[in-house]
Amino acid sequence: MGQDIDLEKIRARYGLLAVVGSNIAITAVAVFGVWQLNGDRAVIVGVLTSAFTAMAGLTTAYLGIKAVSNTAQSMSKEAGRQQDAERQQSARTALEGEAVQADGGPGAEPSGTAGILSPTAPTTAP
C-alpha cells in the first residue's frame with residue numbers, strides 16, 4: 001500500500017515537471033519567434049495565440065488525466081473496502097446462524113426427526 005502511494009507521488013511529480021517544462025519551452029519559443037518578427041503584428045498575434053493554445057491544451061490534459069486517475073483510485077479503494085465489509089458481514093452471519101442452530105434455535109431440526117425427509121412439491125408428468 002505504501003509503495004503504491006510513493007509510486008503515485010513520483011508519477012504526479014514528474015508529470016507536473018513535464019507540463020511545466022513544456023510550458024516553459026513553448027513560452028521560450030514564442031518569445032524568440034516574436035523577437036525575430038520585428039513588429040509584424042498579425043504574425044505575432046498568431047504566434048502568441050498558438051503558444052497559448054498549446055500551453056492551455058497541455059495543462060488541461062494533464063489536470064484532466066490526473067483528476068480521472070485520482071477518482072478511479074479512490075473508487076477502487078472504496079469498492080475494496082465495501083467488499084471487505086460484505087465478506088466480514090457474511091462471515092458473521094454464517095457464524096451466528098451456526099450458533100443459533102447448535103443451540104436449537106430457529107433453523108435447528110427438532111429432536112427425533114433427523115431421518116424424516118421433508119415433503120417436496122408434486123411434479124406433473126409430461
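- For the side chain to side chain contact (heavy atoms under 4.5 Å, CB included) with Val47, the qualifying choice from Val43, Val45, Ile44 is Val43, the only one to do so.
- Lys66 and Glu8 are joined by a salt bridge, as a carboxylate oxygen and a charged side-chain nitrogen come within less than 4.0 angstrom of each other.
- Taking CE from Met55 and CD1 from Ile26, the interatomic distance works out to 6.5 Å, rounded to the nearest 0.5 Å.
- Both Ile10 and Leu17 belong to a common hydrophobic cluster when Ile, Leu, Val, Met, Phe, Trp and Tyr are linked at side-chain heavy-atom distances under 4.5 angstrom.
- Atom CG of Asn23 sits about 5.5 Å away from atom CG of Leu58, to the nearest 0.5 Å.
- To the nearest 0.5 Å, atom CZ of residue Phe32 and atom CG of residue Leu37 are 10.0 Å apart.
- Legend: residues meeting ring pair (Phe, Tyr, Trp, His ring centres under 6.0 Å) with Phe52, ordered by chain and number and at least two apart, are absent.
- Contact record, Ala30 with Leu48: CB-CD2, 4.5 Å, taken as the closest heavy-atom pair.
- Going from atom OG of Ser76 over to atom CZ of Arg81 covers 10.0 Å, rounded to the nearest 0.5 Å.
- Leu16 CG to Thr59 OG1: the interatomic distance, rounded to the nearest 0.5 Å, is 9.0 Å.
- Atom CG of Asn70 and atom CE of Met75 lie 13.0 Å apart (nearest 0.5 Å).
- A single hydrophobic cluster is not seen to contain both Val29 and Ile24; linkage of ILVMFWY side chains at heavy-atom distances under 4.5 Å, directly or through other members, places them apart.
- Taking 4.5 Å as the limit, some side-chain heavy atom of Gln73 sits within range of a side-chain heavy atom of Ser69.
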